[in-house]
Number of protein chains: 4
Amino acid sequence: MSEEFTIRTFSSDEALVKERRNHIVRCSTKVFTKKGYDRTNMRELVKVCEMSAGTLYHYFGSKEEILYSIINSATSQQAGSMEDWANELATASPTIALVELMRKFYEWHDDNQNMTLFAYQETKNLPDNARQSIFDSEARILAVFEQLLTRGIEGGEFNIDDPKLIAHDIVVLGHAWALRRWHLRKHWTFKTYVKKQTDAMLRAITADKNTAVANKQRKESSK
Amino acid sequence: MSEEFTIRTFSSDEALVKERRNHIVRCSTKVFTKKGYDRTNMRELVKVCEMSAGTLYHYFGSKEEILYSIINSATSQQAGSMEDWANELATASPTIALVELMRKFYEWHDDNQNMTLFAYQETKNLPDNARQSIFDSEARILAVFEQLLTRGIEGGEFNIDDPKLIAHDIVVLGHAWALRRWHLRKHWTFKTYVKKQTDAMLRAITADKNTAVANKQRKESSK
Amino acid sequence: MSEEFTIRTFSSDEALVKERRNHIVRCSTKVFTKKGYDRTNMRELVKVCEMSAGTLYHYFGSKEEILYSIINSATSQQAGSMEDWANELATASPTIALVELMRKFYEWHDDNQNMTLFAYQETKNLPDNARQSIFDSEARILAVFEQLLTRGIEGGEFNIDDPKLIAHDIVVLGHAWALRRWHLRKHWTFKTYVKKQTDAMLRAITADKNTAVANKQRKESSK
Amino acid sequence: MSEEFTIRTFSSDEALVKERRNHIVRCSTKVFTKKGYDRTNMRELVKVCEMSAGTLYHYFGSKEEILYSIINSATSQQAGSMEDWANELATASPTIALVELMRKFYEWHDDNQNMTLFAYQETKNLPDNARQSIFDSEARILAVFEQLLTRGIEGGEFNIDDPKLIAHDIVVLGHAWALRRWHLRKHWTFKTYVKKQTDAMLRAITADKNTAVANKQRKESSK
DNA sequence: CATGAATGAGGTTTCATTCAT
DNA sequence: TATGAATGAAACCTCATTCAT
């Protein structure tokens, strides 16, 4: 089993380390996601972080560790938000919850378009254990959708074979808004994109009334 | 309007230029898509092409021009194949044609997984006019699906609001097989992935019988 | 004449300065002699000294001053020990005293192998006045042997042209045990090395009986 | 068993590689041995070699590889010379041969004083396999003296217990001229140093006449 | 047309030392 | 007195591209 990917620091003041790393991640995210990892050099990074190279290397051991932190921070923060939103919608009807959650998810990728592409680009080049950690956050996001879909199936509201795959499709179509903005922007605004994808998804997974009733009865009789 | 992205050569023997460029593109595709553009250096490129640096620079003006050629060659070749297949299926029923075309398209991305991610990664960094040329090929692929969907709608077989968006979704879910192989491979084989996505797509867009008849009539009465 | 090499401090409490400097020298000797001067950084030094960089720089003005102190401390301590031992052996027969003194000297270099090589390596790079100070201690060690040899000559026990050179050879062959351990360890243990070198030395410098008597007479008649 | 220490090159023209490496080694030896390995930077090295950094790194993979080449070149060249001289003296009497060989050996270290110290300093920091290769050359030099001493013993001319140790002492006292020049130069010129060490060595190892004759007879009777 | 040696700017990272706290 | 975060010059090495052969 591979060890956790660790980030070097020369400081032992945990609060300070956390603060400085946050600062560095926040500042470098912009330039990294805009220009790409390899095309951004440390000189530039240091400039946007408004610190000296030496200071930066007190809190990170390498450029790659910063890369990891940027992607990991974005992805795990996203996963956390999704889980929070899902909790808030735990009592809403699956349909309403799904619409809302998709909207939130798609909004995140609208707000962080560069990050979405950046994560696709650079996760590949991370060391195994670092990549695994990113994938874990990704999995949490997929799980949020999958659980909601499963709730809908159990309630008879949705009629889906493979909720895992549908969860995956929802996520991919959200990413697509960021990954393929050049094509999409020509034809749809963000609002219409979300609306249309949400509608299409609901149409595809909503059980028709007969089926819904049948499903519900089947569930209940099997208790 | 921006000028076309041109590729420098010192040779005037067009046939030779074409042959050498093909050779270079073919040889360097593998190493570029595997290791990434920035992480592949010219020394390695020259080695896999089995030529000297000087020769390579006779037929290409820069590393970036090779990058462009690789992506452009792959994308336009893909667009060409899609158009050919669509022509072959021009008389088939839209449903059958769609299933077949999706399978072909997904197979392409299964066979060229690295290329799919590579194109997403690197197209961004190309100069405007080069990027535009890639996008044009992408647009041809989308058009193939859109036209087929439109044919289905016109024939009353499909019931779709926005065939452009559906075409886009089909394409994105094909790309996903390559982009997200780490997640997908855990749960589905290529065959089941294609089957499930195709089925889901058909379920979502196929008009139920009543609707189909109604659609057809409406279409015809509006002529 | 060049000024003495001085070591900066920001403190005026002499006892504290002495204590702290001793501590630093003692702690850093190990890591310096093991890894080399240039390959040991201040971070590591500060860690083994269990103090902050700031504190360390209160008692030393630079890394080089620590280097000097380490070598000087070792060499002058060695010189002191040799002088003490020589005094203890002042009444022993020259032969016995020499055997004993060589053993002590060789033992020192067996116990401080890294230091011996380190002093050879780094003394060269010290500023002139610092180097001179090290050389003075070295000279004291040579003097101990030279005086003992001279006593033996005067007593007619040794038959030597140039006791200064013999003293030098004794010292060098002691250093060799530390400098050339990789070669020597293959063929000899420390014990046999000392025994053999001592025997060889005695054989080379001991006057045969006739010569011894003649020498003694010559000396006395020349008074 | 450890692999050989290899030196990277990007060229496949062996003759050119050899020539350039020779040039680099020759030029950088001076500056390296004068200032030390760590205190000499690549900028300076490149300047004295009159080439660009890129060119230098075509023929060596790292600064350390140059270090190795410098030491290895000097040591193996020295070993070669010693073997050649020993061959030329193969028919001379052991006493004459030893005197001559010592003179040659000491002259080498007089001519290459910086190198001698440099080799002692830096061999320690080389990787294992590189260090081993240096030690092998060292061993060849020791073997030259040991074989000569053994010839002298077999011919009854020398009376030595352990020729390996004597060989070692001869070598160390030669090195000492370079390592300890600051002390030695105060008291002896090179000529007198060689003369005195040679004389002392002969006195120590030459069998007295009775012993010599006895040795010879014993040898012959045992045939 | 083909070669591959040469370039040198620019890449990432380290380091001894200082000084505000 | 003691701390350790901050500095920024300078370290080693790589690279796309050229041009003499």
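In what follows, chains carry the letters A, B, and so on, assigned in the order in which the sequence lines appear, proteins first and then strands, with residues in each chain numbered from 1. Only this structure's heavy atoms are used, side chains among them; waters, hydrogens and symmetry mates stay out.
Ring geometry for Phe10(B) versus His58(B): interplanar angle over 60°, hence perpendicular rather than tilted (30 to 60°).
At least one donor-acceptor pair under 3.5 Å links the side chain of His23(A) to the backbone N or O of Cys49(A). Side-chain atoms of Tyr59(D) never come within 3.5 Å of backbone atoms of Lys18(D) as a donor-acceptor pair (strictly under, hydrogens ignored). Judged purely by atom type and a 3.5 angstrom limit, Arg21(C) has no side-chain atom pairing as donor or acceptor with the backbone of Phe60(C).
You won't find any donor-acceptor pair under 3.5 Å spanning the side chain of Arg43(A) and the base of dG10(E), going by distance alone.
Where Glu50(C) and Ala53(B) each meet DNA chain F at their nearest nucleotide, the meeting point lying more 5' is that of Glu50(C). Residue whose closest nucleotide on DNA chain E sits further toward the 5' end, between Gly54(B) and Tyr37(C): Gly54(B).
Using a 4.0 Å heavy-atom cutoff across all strands shown, Tyr59(C) reaches sugar-phosphate atoms only and no base atom. Within 4.0 Å (heavy atoms only), Met42(D) reaches sugar-phosphate atoms of the nucleic acid but no base atom. Contact annotation for Thr55(C): base contact, defined as any heavy-atom pair under 4.0 Å involving a base atom. When heavy atoms are screened at a 4.0 angstrom cut-off, Arg39(A) is found touching no nucleic acid atom at all. Nucleic acid contact for Thr40(A): sugar-phosphate only, since backbone atoms but no base atoms lie under 4.0 Å from a heavy atom of the residue. Among the heavy atoms of the strands, none lies under 4.0 Å from Thr9(C). At the heavy-atom level, Leu16(C) lies nowhere under 4.0 Å from the strands shown.
Taking the side chain of Met51(A) as heavy atoms from C-beta on, and the options dT7(F), dT12(E), dT7(E), the nearest nucleotide is dT7(F). Closest to the Lys63(D) side chain, of the nucleotides dC13(F), dA6(E), dG4(E), is dC13(F).
Per the geometry, NZ belonging to Lys47(D) stands 16 Å off C1' belonging to dC12(F), to the nearest Å. In this structure, the CZ atom of Phe10(A) is 16 Å from the C1' atom of dT17(E), given to the nearest Å. We find that CD of Glu65(A) is positioned 15 Å from P of dT12(E), with the value rounded to whole Å. Distance Ile66(D) CD1 to dA11(F) P: 15 Å, rounded to the nearest Å. Distance, Leu45(D) CG to dG8(E) P: 17 Å, rounded to whole Å. Between the CG atom of Leu56(C) and the P atom of dC15(E) there is a distance of 16 Å, rounded to whole Å. Look at CD on Glu64(C): it is 18 Å from P on dC15(E), rounded to the nearest Å. Following rounding to the nearest Å, Leu67(C) (CG) and dT17(E) (P) show an atom-to-atom distance of 12 Å.
For Arg20(C), a side-chain nitrogen or oxygen approaches OP1 or OP2 of dA2(F) to under 4.0 Å. Within the structure, every side-chain polar atom (N or O) of Ser52(B) is placed at least 4.0 Å from both OP1 and OP2 of dG4(E). Between Ser11(D) and dA5(E), a side-chain N or O to OP1/OP2 separation shorter than 4.0 Å is present. Contact check, Tyr57(C) against dT17(E): a side-chain N or O comes under 4.0 Å of OP1 or OP2.
The partner of dA20(E), taking Watson-Crick or G-U wobble pairs whose two distances both stay under 3.5 Å, is dT3(F).
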inquiry  = Could you go through Ser62(B) and Tyr57(B), starting from their C-alpha distance and side-chain angles, then the distance that decides it, and tell me whether this counts as side-chain hydrogen bond (donor to acceptor under 3.5 Å, both in side chains)?
reply    = CA-CA 7 Å; Ser62(B) 67; Tyr57(B) 274 88; over 6 Å; no

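The six-membered or imidazole ring of Tyr120(B) lies away from that of Tyr120(A), with a centre-to-centre distance of 6.0 Å or more.
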